[in-house]
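Atom set for the values below is all heavy atoms of this structure, side chains included, hydrogens, waters and symmetry mates excluded. Since we're looking at a predicted model, the values are computed, not measured. Both counts, for ligands and for their atoms, begin at 1 and track the order of listing.
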Amino acid sequence: MNVLLIGGGGREHAIAWKLAQSKNLSKLYIAPGNAGTGKCGKNIPISGTNTKKLVDFGKQNNIGLVIVGPEDPLAAGAVDAFEAAGIKAFGPSAGAAQLEADKAFAKQLMRSTSISTAEGRIFERFDDAKTYIASRDEALVVKAAGLAKGKGVFVCDDPSDGILAAEKIMCDKIFGSAGEKVIVEDKLLGEEVSILAFVDSRNIYVMESSQDHKPIGDGDSGPNTGGMGAYSPAPVVNEEAMDKITREILVPVVDGMNRNGTPYKGILYAGLMITAGGPRVLEFNVRFGDPETQPILMRLKSDLLEVCLAVCDGTLDKVSLEWDQRPAVCIVVASGGYPGGYEKGKKITGLQDAESIDNVVVFHAGTAVKNGDIITNGGRVLGVTALGQTIADAKKTAYEAVDKIKFDGAYCRRDIADKAIK
Ligand code: AMP
Ligand code: GLY
């Protein structure tokens, strides 16, 4: 079967790497891909959001399955467009993708299905948000309701910071129309975890747990990023917590989405805070997490293509997945300056040395090929991922590989997975 994968980040390299191992794969195309995906299949120079061109490409190239990596094309209706053209597509419809693309929609769904989340209010006018925030004296979180590349959330320890955040989002419009609505919610305390599941609108298959590291700096300091590293499994969720998360969060979402007339298929990603009172939802995403996918897929032993097809065909209950019991750790190497401004086009060296270490895969994110060299082409550049006997062991190997890679301005956190090792 020919597969078209949409996207060009670290998540897509991990998906492409895993798909390339499938016995049922004929040709793999990635749009637009990066220097890493180019080694797993053929990159095609079509933007991931140019749905019309991608559908034409799908028809002309006998594509049997499309896998949509990022949230933007999902929210814009990529899956609906491929299905209308008679091509199977992995991911939710635009209606179901609102679960991520509109945090107000997600909040309302959680309310109506009694899913545990932070107490929150939704505002469409800055003055109303300001009055509410000023009336509060606890720490709170201000979020743009729309898609903001993981950067639309401000955790504010004091109301004056909260008002500033609402002003930036609603008046200065730093996230454009994604900031037309704002959610103001209580700050939750605890450890974060990402739970990803395959969903075929009836059946749910929960994957191994993982934990992301959102802030740019060691010790979770500084502004949030798309994610600076991840490990899997996350010891903070034991089997009992996993059962509770499935019963009290994932199942009600899938049921609620069916009742809403927006049945859910694809990846359901619950970003959770494990609080003293149990797991509570921070957000839902409608696609694989980035960088969580890198360690998760390195641990998946089963055929990813088969599972994705089962999701599209509604036969997820017929597949069983096997996992490598060894943990995996992924360290993101970013361009200096990220998540603010950064330069592109820096030559990357040492990739082969890093990959020659046993149990290491270097997943590319913002990379490109220029005159035979691999150069930086984005904020998050690489996701250096290693398996190990323990998390500490995987961490040590991953950093050993990171230290072989050089480019001008390269930056990474040095404390990825420390929470799990403590
Ligand atoms: P979100 O995109 O909603 O997951 O938010 C991004 C990050 O902001 C999360 O991964 C958390 O680190 C943080 N965050 C979001 N909501 C809350 C909350 N209610 N309490 C504490 N931290 C939060
Ligand atoms: N790693 C967080 C995300 O994919 O949204």
Side-chain angles (χ1 to χ4, degrees), residues 7 9-12 14-15 69-72 74-75 97 99-107 110 116-122 136 138-157 161-162 165 169 175 178-179 181-196 209-217 219-232 234 267-277 279-297 330 332 334 339 363 365 379-380 383 416 419:
R11 160 185 52 216
E12 285 76 26
I15 296 170
E71 59 276 21
D72 293 306
L74 289 167
L99 196 57
E100 172 169 359
D102 182 359
K103 286 183 194 289
F105 173 95
K107 212 63 178 173
M110 287 188 270
S116 180
T117 180
E119 264 327 302
R121 303 255 311 250
I122 302 162
R136 303 277 313 253
E138 315 83 358
L140 40 78
V141 181
V142 179
K143 303 182 174 186
L147 295 177
K149 306 217 173 308
K151 295 167 200 156
V153 173
F154 296 83
V155 180
C156 306
D157 284 320
D161 293 341
I169 301 172
F175 304 118
K181 277 184 280 181
V182 152
I183 320 287
V184 180
E185 65 181 33
D186 294 348
K187 179 180 173 184
L188 299 177
L189 298 177
E191 203 171 313
E192 275 182 62
V193 62
S194 306
I195 301 295
L196 280 72
S209 60
S210 60
Q211 184 168 137
D212 188 9
H213 297 66
K214 292 254 168 85
I216 185 74
D220 287 340
S221 57
N224 272 343
T225 67
M228 292 303 293
Y231 56 85
S232 169
I267 300 289
L268 175 58
Y269 164 142
L272 307 173
M273 188 72 89
I274 307 297
T275 70
R280 299 179 77 177
V281 175
L282 296 175
E283 66 167 344
F284 290 112
N285 293 322
V286 296
R287 33 109 195 141
F288 274 112
D290 192 344
E292 293 95 321
T293 301
Q294 289 81 318
I296 290 177
L297 290 188
C330 168
V332 169
F363 292 112
R380 293 189 292 171
I416 301 302
K419 276 181 211 155

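- If you check which protein heavy atom lies closest to atom 13 (C) of ligand 1, you get V155 CG2, 4.0 Å.
- The protein heavy-atom contact nearest to atom 19 (N) of ligand 1 is E185 OE2, 2.8 Å.
- Every residue was checked against the salt bridge (Lys or Arg N to Asp or Glu O under 4.0 Å) condition with R121, not counting sequence neighbours, and none meets it.
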| How far apart are the C-alpha atoms of I122 and V184, what are their side-chain angles, what is the distance that settles it, and do they pass the side chain to side chain contact (heavy atoms under 4.5 Å, CB included) test? | CA-CA 7 Å; I122 302 162; V184 180; over 6 Å; no
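- For K107 (side chain) and A118 (main-chain N/O), a donor-acceptor pair under 3.5 Å exists by modelled atom type.
- For the residue pair D212 and G227, the shortest heavy atom distance occurs at OD1-CA, 3.4 Å.
- Selection from E192, K151, K149, E100 by nearest heavy atom to atom 12 (O) of ligand 1 gives E192.
- Regarding atom 7 (C) of ligand 1, its nearest protein heavy-atom neighbour is N224 ND2, 3.5 Å.
- Contacts between L189 and ligand 1, counted as non-hydrogen atom pairs separated by less than 4.0 Å, are absent for every part of the residue.
- The side-chain contact (heavy atoms from CB on, under 4.5 Å) test with V142 is passed by exactly one of D161, V182, V155: V182.
- Contact annotation: for V153 versus ligand 1, heavy atoms closer than 4.0 Å belong to the side chain alone.
- When atom types are taken as modelled, the side chain of R11 and the backbone of G289 share no donor-acceptor pair closer than 3.5 angstrom.
- In this structure, the protein non-hydrogen atom closest to atom 3 (O) of ligand 1 is K143 NZ, 3.0 Å.
- With a 4.0 Å heavy-atom cut-off, ligand 1 is reached by the backbone of L188 and by its side chain too.
- Listed as neighbours of ligand 2 are D212, K214, G226, Y269, N285, R287, G289, D290, P291, E292, each bearing a heavy atom under 4.0 Å from the ligand.
- In this structure, atom 2 (O) of ligand 1 lies nearest to the protein heavy atom E283 OE1, 2.9 Å.
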| request: Take D220 and K214 through the test salt bridge (Lys or Arg N to Asp or Glu O under 4.0 Å) and record every step on the way to the result. | output: CA-CA 7 Å; D220 287 340; K214 292 254 168 85; over 6 Å; no
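- The environment of CD in E119 is sparse: at most 12 heavy-atom neighbours from other residues, nucleotides or ligands sit within 6.0 Å.
- Inclusion of K187 in the set of residues having an N or O under 3.5 Å from an N or O of ligand 1 is not warranted.
- Close approach to D186 involves these atoms of ligand 1, each under 4.0 Å from a residue heavy atom: 18 (C), 19 (N), 20 (N).
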| Stepwise, does the salt bridge (Lys or Arg N to Asp or Glu O under 4.0 Å) test hold for K187 with E138? | CA-CA 8 Å; K187 179 180 173 184; E138 315 83 358; over 6 Å; no
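- Not counting sequence neighbours, E192 has no partner by the salt bridge (Lys or Arg N to Asp or Glu O under 4.0 Å) test.
- An N or O contact shorter than 3.5 Å is missing between M273 and ligand 1 by distance.
- No side-chain donor-acceptor contact under 3.5 Å links S210 to the backbone of Y231.
- Given atom 17 (C) of ligand 1, the protein heavy atom at minimum distance is L282 CD2, 3.4 Å.
- Qualifying side-chain contact (heavy atoms from CB on, under 4.5 Å) partners for A178, counting only residues two or more places apart in sequence or in other chains: F175.
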